[in-house]
Amino acid sequence: ALNDQVKNNPNITLITLPRSRMNSIGISTDVAPYSNPDLRAAMAYSIDRQTLADTYFVGGAVPAYSPIAVGWGHNPDIKIYDFDLAKGKAALAKAGFAPGSDLTMWSRGTTAALELTEIYQAMMKEVGINVVIEQVPSADYWQSVIKRKSHLVARWRGARPDPGRFIHQVFHSEGQGNVMGYNSKDFGDEDVDAMIEEAGAIYDIVAAKKIYDKIQPIVTKDAAHILTVYTQEFVITNKSLQGYTFIPDLYHRFDNVWFK
């Protein structure tokens, strides 16, 4: 394995983050039939996160149940959707979605992306959803999401040291990364926008965490993003490099580094 090769090289340093980017299935919550919360719940229950982490991600990931992967905002006690085929089939029936009916999922046109989408396809089939995959050229993929042409897609977002920016980007109705129409009030939930704004304005992280602990179960249950795994990230550096810090947002900072 690559890690073993690096660990055995005396000239190399391996820096790892056990949990970093949040992988998910992004869904247009304002476009039928994806707007049906029970259908989204059926999809969420169908995902065997541990198998996904062990196979596609080759052990380099762990199951994800809440949107904040790292840092003081992470809450390991949140687990709305675990792998449960019986609950998935019951949610599908409640949704009024006939078993075996087609549901389109869009995939970036690369081998790796298609393989991941095919895994989701196989898992959802176990609860009665027949996923039909539509490939989109890589150059057009993200634009197809932004322009609201792709409504069920594999996504990921890098973590942030402070959860405020991440949560605002992805789950606030006006968030830069909320490109699939999610608004908690559409589903009779509390006003998540107001809670996000309140938490983001608080410097006391203990007080802010209490609000994020209220936000996370709501947005997780709504399943605008079906959380799948947090991936392990790593950076390989020459041992002579000094002063480098690997930040969870995955952006590299070189202003304080030097070579010994």
Side-chain angles (χ1 to χ4, degrees), residues 21-49 51-52 56-57 63-65 67 80-85 87-89 91-157 169-171 173 175 177-184 186-187 219-229 231:
R21 73 179 76 191
M22 176 197 79
N23 290 262
S24 68
I25 300 171
I27 306 174
S28 290
T29 56
D30 59 349
V31 176
Y34 309 96
S35 54
N36 188 318
D38 295 309
L39 174 59
R40 298 198 305 276
M43 289 190 278
Y45 282 123
S46 77
I47 303 303
D48 186 345
R49 293 159 179 80
T51 294
L52 184 65
Y56 181 81
F57 291 96
Y65 298 103
I80 307 296
Y81 297 111
D82 203 353
F83 175 54
D84 192 319
L85 295 180
K87 288 183 179 179
K89 291 175 182 178
L92 192 71
K94 187 178 178 182
F97 196 83
S101 296
D102 291 348
L103 191 69
T104 301
M105 185 168 188
W106 287 260
S107 171
R108 188 187 301 273
T110 66
T111 300
L114 181 59
E115 287 177 352
L116 179 59
T117 307
E118 287 174 339
I119 291 173
Y120 292 143
Q121 178 188 50
M123 290 181 176
M124 291 183 194
K125 186 174 183 179
E126 293 299 309
V127 297
I129 301 171
N130 184 45
V131 171
V132 177
I133 299 173
E134 184 172 320
Q135 292 191 67
V136 181
S138 293
D140 302 326
Y141 178 74
W142 186 237
Q143 283 299 311
S144 77
V145 177
I146 293 174
K147 293 179 179 179
R148 312 305 306 283
K149 296 179 180 179
S150 299
H151 303 294
L152 182 65
V153 298
R155 292 190 62 183
W156 66 266
R157 296 286 295 188
Q169 284 182 333
V170 179
F171 296 107
S173 62
N178 182 5
V179 295
M180 303 188 79
Y182 174 67
N183 189 327
S184 66
D186 291 343
F187 305 102
V219 299
T220 301
K221 180 178 179 293
D222 284 342
H225 289 263
I226 296 174
L227 310 174
T228 57
V229 298
T231 51

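Numbers here are sequence positions counted from 1. Every heavy atom of this structure was used, including side-chain atoms; hydrogens, water molecules and symmetry mates were not.
Distance check: Met180 CE to Ile146 CD1 gives 11.0 Å after rounding to the nearest 0.5 Å. In this structure, CG in Asn130 is found 4.5 Å from CG in Asp102, a value given to the nearest 0.5 Å. With rounding to the nearest 0.5 angstrom, the CG atom of Asp48 is 4.5 Å from the CZ atom of Phe83. Note that the CD1 atom of Ile226 and the OG atom of Ser46 stand 6.5 Å from one another [nearest 0.5 Å]. Rounding to the nearest 0.5 Å gives a distance of 5.0 Å between CD1 of Ile129 and CG of Leu39. Atoms CZ and CH2, from Arg155 and Trp142 in turn, are 3.5 Å apart once rounded to the nearest 0.5 Å.
With hydrogens and angles ignored, the 3.5 Å screen pairs a side-chain donor or acceptor of Tyr81 with a backbone N or O of Lys221. With hydrogens and angles disregarded, a donor-acceptor distance shorter than 3.5 Å links the side chain of Arg49 to the backbone of Leu227.
Among the candidates Leu103, Val127, Ile25, the single residue satisfying the side-chain contact (heavy atoms from CB on, under 4.5 Å) test with Met43 is Leu103.
Residues Lys87 and Asp82 are not paired through a salt bridge, judged by the lack of any N-O separation under 4.0 Å between the basic side chain and the carboxylate.
For residues 110-133, no pair satisfies ring-ring contact (aromatic ring centres under 6.0 Å, His included), with sequence neighbours left out.
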Apply side chain to side chain contact (heavy atoms under 4.5 Å, CB included) to the pair Phe57 and Asn23, showing each step before the final yes or no. CA-CA 11 Å; Phe57 291 96; Asn23 290 262; 4.1 Å; yes
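Pairing each heavy atom of Ser28 with each of Ser150, the nearest pair is OG-O, 4.1 Å.
Ring pair His225/Phe171: centre-to-centre distance below 6.0 Å.
Between Gln121 and Thr117 there is no side-chain heavy-atom pair separated by less than 4.5 Å.
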